[in-house]
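Here's the structure, in structure tokens; my notes come after.
Throughout, a chain's letter reflects where its sequence line sits, starting with A, and its residues are numbered from 1.
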Amino acid sequence: MLYTSPALETLIERLSRLPTIGRKTAQRLALYLLKQPREDVVALAEAIGTLQQRVHTCSICANITEEDPCPICRDPRRDHSVICVVEEPNDVLVIERTNEFKGLYHVLGGSLSPLEGVGPEELKVRELLDRLRQDGPGTDGRERPEVREIILAMDPNVEGEATTLYLAKLLSPLVDRVSRIARGIPIGSDLEYADEATLARALEGRTAV
Amino acid sequence: MLAHSLHLQNFRNHSDTSVSGLAPKINVFVGQNGAGKTSILEALSLATLTKSFTTHSDSVLIKKEEQSLSVDARFQTDLGVPHNVKIEITLGPPIRKSIFANSERIRSAADLVGIAPVVILTPDEKVITGGGPSERRRFLNMVLSQASRAYLEDELEYRRALKQRNAILSRQQGRSLSYIQPLIAPWTELVRKHGARIMRRRASFTEEFRPRLLAWYSKLSQSREEPSLQYLPMGLESVATDYEALLASEASKCETDEIRRGTTLFGPHRDELLLFVNPTQEARLYASQGQHKTLLVAMKLAEFEYLRDAASETPILLLDDVFSELDDDRAHQLLDLAASEELGQTFITSTERSRFEKKLDFSSGDHAFFEVSSGTVAPILRGA
């Protein structure tokens with residue numbers, strides 16, 4: 001059904017282009033916005049409007065940032081000899097929340113998927129290789145400490161696995177150590193409730209104690 | 001596993017059909033062609049395998065002019081634990097399928113398949129003994145993915161990796177080996193890794209299945225055929241058991257050919273499972289019509305037994321319109337077996353009523369009789 005207001009109709013149409021939003025949800029959101037105080041709606045519109053102006057990707061790690069280089073890359077207290085490679089900016093947030101990792105990141109922007117036309121050229125692989133080359137000072141003018149370890153933290157699916165294998169082969173000659181995050185039994189769960197496949201992977205990736 | 005009740009909404013020609021009072025042994029659904037008998041079995045297939053056995057397309061299951069369907073199936077495990085499955089399919093685009101087991105949303109088919117194992121026999125299944133290699137690979141996948149979750153996960157990941165690898169080979173067709181090699185290398189490794197695991201399981205399955213097949217065949221047939229089966233990894237008569245090494249050597253052999261043809265030429269998607277009616281006679285080439293039928297039924301019964309042991313749960317047997325295909329002797333034999341303690345709960349569809357009325361005692365409570373007509377199901381009362 002089309003609404004009588006073209007403005008409302010335009011908003012519904014725009015909203016329904018967003019991921020996970022169907023036409024019905026778009027209608028509900030549009031009608032909700034219509035009833036909200038004007039200043040709230042303007043604030044939302046402004047937030048959306050300035051988003052792409054203010055947010056950029058870091059020229060070093062390709063994470064999203066408002067300043068370039070990003071605060072993580074500029075932080076002298078972080079360990080600049082370790083880089084954790086992830087697929088998406090979201091993954092940085094998740095790992096940061098653990099408070100366990102003090103190194104730097106590199107955001108690839110996805111994983112290898114030839115079916116969707118994504119090869120190494122479409123990901124920030126060349127940028128990663130550039131970071132590992134040790135010629136001259138970094139963009140901030142200071143000498144960059146040598147990168148010793150790369151941690152690969154891809155999603156645990158076929159594409160993530162292929163990306164891990166690809167990068168491991170490419171990067172091993174350039175750094176002391178290439179590692180990948182462990183996969184296995186979630187904390188707080190029971191071994192007997194783990195499914196065979198997860199358990200098989202956990203066994204495969206067992207570590208010495 | 002026992003199915004207690006089924007509820008179908010907008011499923012094929014069923015607008016709103018409840019089937020309760022399912023019996024622990026044989027449940028017969030009679031009705032004319034197009035009445036909606038097979039849909040009952042399809043709904044059970046959906047609730048156990050997450051898909052129909054007649055079609056790959058979920059959208060055709062939705063009743064004409066409706067937007068969504070739902071199937072509610074209530075089961076009970078051998079140990080008496082309730083297992084309830086609800087499946088909803090909504091027309092898109094994109095088409096959406098939601099699966100719930102005991103009210104909890106299930107993310108992957110692998111979380112459901114195998115919990116309630118099923119064995120399906122329909123006239124279409126005769127391609128298993130008479131058709132090409134892909135039909136027997138489908139049979140292997142059907143059994144093994146219900147028997148082992150790890151197998152199903154390997155199979156799903158294998159298929160995905162294969163598709164990705166093929167995408168490179170077909171898009172870069174004709175490029176030089178040195179250009180393509182680093183691009184396909186990670187996918188080759190994944191195809192090899194998952195492929196080797198699939199092959200290992202297929203090989204050991206063949207060994208475990210052979211004596212069961214022979215035993216069931218001898219039970220069904222008075223003649224002295226000695227059926228057997230042989231697993232040929234990638235069609236090779238290989239005695240190697242190191243499948244990782246076998247895949248690696250095949251992979252390097254076909255590399256240039258793959259680039260020319262633009263597709264992956266090694267891996268378990270090229271496996272063959274040979275089926276013999278006698279030690280030197282391949283069923284596909286030498287079996288008579290009757291031998292094909294006996295062999296197929298023996299395969300299904302051996303599948304039942306294998307799944308029961310592997311999944312530690314009695315499978316449900318779905319027999320869709322098979323009695324019209326069998327001669328009287330074989331039909332009676334199968335019905336006797338289904339009624340015996342050797343098999344579990346069985347669902348049968350048929351257009352003819354008298355065979356079952358004569359043969360089965362519906363007053364005992366072991367069996368139930370339903371009439372299906374234009375999308376409705378009604379129990380047929382005792383003696384009616």
Side-chain angles (χ1 to χ4, degrees), chain A residues 16-17 19-25 85 87 108 110-123 125-126 129 152 154-173 178 180 183-184 186 189 192-205, chain B residues 67 90-94 96 106-115 144-145 147-173 175 179-194 197 200-201 262 264 310-311:
Chain A
S16 63
R17 287 192 212 173
T20 76
I21 307 248
R23 195 174 158 84
K24 267 191 192 155
T25 310
V85 183
E87 291 182 14
L108 284 179
S111 55
L112 292 176
S113 180
L115 280 168
E116 286 146 281
V118 181
E121 302 278 300
E122 280 68 39
L123 302 173
V125 174
R126 185 168 302 158
L129 289 174
L152 301 171
M154 306 299 133
D155 285 345
N157 53 31
V158 179
E159 288 74 20
E161 189 69 22
T163 311
T164 300
L165 294 171
Y166 177 81
L167 290 177
K169 198 166 181 185
L170 194 68
L171 304 176
S172 323
V178 179
R180 64 181 302 168
R183 300 171 299 177
S189 70
E192 65 173 314
Y193 293 125
D195 65 83
E196 285 172 55
T198 306
L199 203 50
R201 296 231 166 116
L203 279 170
E204 205 176 85
Chain B
Q67 290 302 304
T90 309
L91 273 186
R96 268 183 238 179
I106 273 179
R107 301 262 158 234
S108 154
D111 291 332
L112 190 70
V113 174
I115 293 181
L144 285 169
S145 57
S148 153
R149 185 195 164 115
Y151 179 91
L152 177 55
E153 302 230 358
D154 272 321
E155 175 65 28
L156 293 172
E157 291 187 10
Y158 175 79
R159 262 186 244 170
R160 184 79 191 159
L162 186 69
K163 243 184 176 173
Q164 294 279 22
R165 192 174 187 274
N166 283 340
I168 297 176
L169 286 170
S170 72
R171 281 173 208 182
Q172 311 288 354
Q173 207 170 349
R175 291 260 206 161
Y179 177 86
I180 294 182
Q181 219 166 23
L183 292 179
I184 56 168
W187 304 105
T188 308
E189 196 171 330
L190 288 177
V191 163
R192 234 168 35 211
K193 185 177 106 183
H194 295 295
R197 289 201 207 134
R200 240 184 334 261
R201 283 189 192 256
T264 301

Self-check item: Residue pair Tyr158(B), Val158(A): steps toward the side chain to side chain contact (heavy atoms under 4.5 Å, CB included) verdict
Solution: CA-CA 8 Å; Tyr158(B) 175 79; Val158(A) 179; over 6 Å; no
Practice problem: Using a cut-off of 6.0 Å, state whether more than 12 heavy atoms not belonging to Arg126(A) lie near its atom CZ. | Solution: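 No, the 6.0 Å shell around CZ holds no more than 12 heavy atoms from other groups.
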Quiz prompt | Heavy-atom neighbours of Arg183(A) CZ exceed 12 at 6.0 Å | solution =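 Above 12, so yes.
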Which atoms of [X] approach chain A - backbone, side chain, both or neither, heavy atom under 4.5 Å:
{"X": "Ala161(B)", "result": "both"}
{"X": "Ile168(B)", "result": "both"}
{"X": "Arg197(B)", "result": "side chain"}
{"X": "Ser148(B)", "result": "both"}
{"X": "Glu153(B)", "result": "side chain"}

Exercise. Measure the spacing between NZ of Lys193(B) and CG of Leu165(A) and express it to the nearest 0.5 Å.
Key: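 The CG atom of Leu165(A) is 7.0 Å from NZ of Lys193(B), to the nearest 0.5 Å.
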Quiz item: Roughly how far, to the nearest 0.5 Å, is CG of Leu156(B) from CG of Asn157(A)?
Solution: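 Separation between the atoms: 12.5 Å.
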Looking at every heavy atom in both [X] and [Y], which two are closest together, and how far apart are they?
{"X": "Gly117(A)", "Y": "Arg171(B)", "answer": "N-NH1, 3.6 Å"}
{"X": "Gln164(B)", "Y": "Ser113(A)", "answer": "NE2-OG, 2.9 Å"}
{"X": "Leu190(B)", "Y": "Glu161(A)", "answer": "CD2-CG, 3.2 Å"}

Quiz item: Got Glu159(A) and Arg160(B) here, is their nearest side-chain heavy-atom distance under 4.5 Å?
Solution: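 The answer is yes; the side chains approach within 4.5 Å.
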Quiz item: Side chains of Pro186(B) and Leu167(A): closer than 4.5 Å at any heavy-atom pair?
Solution: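 Pro186(B) vs Leu167(A): side chains apart.
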Quiz item: Checking heavy atoms, do the side chain of Leu199(A), its backbone, both or neither come under 4.5 Å from chain B?
Solution: neither
Quiz prompt | Main-chain N/O of Pro114(A) paired to Arg165(B) side chain as donor or acceptor, under 3.5 Å | solution = no
